[in-house]
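Structure record follows, encoded as structure tokens.
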Amino acid sequence: MDKIEKFKSMEKILREIEDLKNSETAVIKKIGQIETENMNLNIQDLEKSLNDIYDGAYKNLENVESLHNSFTETVSDFKEKNNITDEMLMEIRE
């Protein structure tokens, strides 16, 4: 795999990590919606379960954000180390 192909694969992975981050954020929002609806019902088992799920989802989001930051730096370093320019990428994408 040449350096341009490798870089393109790295960019694709970065987009997928970003999508994963958005999905985790959506899960946290959905938990909040369910918690809000449960305020009227006050079902304790549901509240406890949602708290546990929220804690796990929030930890996952933190892990994904950390991975995103780290991999963004990896991709940037690879691009710089291999002298990949935006012009080179534009030619390939056309």
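Both backbone and side-chain heavy atoms feed into the values below; hydrogens, waters and symmetry mates do not. Just so you know, residue 1 is the first one in the sequence shown, and it goes up from there. In this text the structure is predicted, and so the values were computed from the model without any measurement.
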task: Would you check, one step at a time, whether the test side-chain contact (heavy atoms from CB on, under 4.5 Å) holds for Lys21 with Leu67?
output: CA-CA 10 Å; Lys21 186 171 125 179; Leu67 174 62; over 6 Å; no

Criterion side-chain contact (heavy atoms from CB on, under 4.5 Å) on Gln44 and Asn42, from CA distance to verdict: CA-CA 6 Å; Gln44 296 301 313; Asn42 199 25; 2.9 Å; yes

query: Between Glu16 and Lys12, does a side-chain contact (heavy atoms from CB on, under 4.5 Å) hold up when you go through it step by step?
result: CA-CA 6 Å; Glu16 290 169 347; Lys12 182 179 183 222; 3.4 Å; yes

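When the side-chain hydrogen bond (donor to acceptor under 3.5 Å, both in side chains) test is applied to Glu73, no partner is found at least two apart in sequence or on another chain. In this structure, Thr36 has no side-chain contact (heavy atoms from CB on, under 4.5 Å) partners at least two apart in sequence or on a different chain.
Using modelled atom types, no side-chain atom of Ser76 and backbone atom of Thr72 make a donor-acceptor pair closer than 3.5 Å. In terms of modelled atom types and a separation under 3.5 Å, the side chain of Ser66 and the main chain of Glu62 share no donor-acceptor contact.
Using a 4.5 Å cut-off between side-chain heavy atoms of Ile, Leu, Val, Met, Phe, Trp and Tyr, Ile28 falls into a hydrophobic cluster with Val27, Ile31, Ile34, Leu41, Ile43, Leu46, Leu50, Ile53, Tyr54, Tyr58, Leu61.
Expressed to the nearest 0.5 Å, how far CZ of Phe71 lies from CD1 of Ile17 amounts to 5.5 Å. Atom CD of residue Glu47 and atom CE of residue Met39 lie 8.5 Å apart, to the nearest 0.5 angstrom. With rounding to the nearest 0.5 angstrom, the CD1 atom of Ile4 is 9.5 Å from the NZ atom of Lys79.
Using a 4.0 Å cut-off between charged side-chain N and carboxylate O, Lys48 and Asp52 make a salt bridge. The pair Asp2-Lys8 does not meet the salt-bridge criterion, since no charged nitrogen lies less than 4.0 angstrom from a carboxylate oxygen.
Checked by atom type, the side-chain pair Glu65/Asn63 shows no donor-acceptor distance below 3.5 Å.
Residues Phe7 and Asn82 have side chains not in contact (no heavy-atom distance under 4.5 Å, counting atoms from C-beta outward).
Between Lys3 and Phe78, the shortest heavy-atom contact is O-CE2, 3.5 Å.
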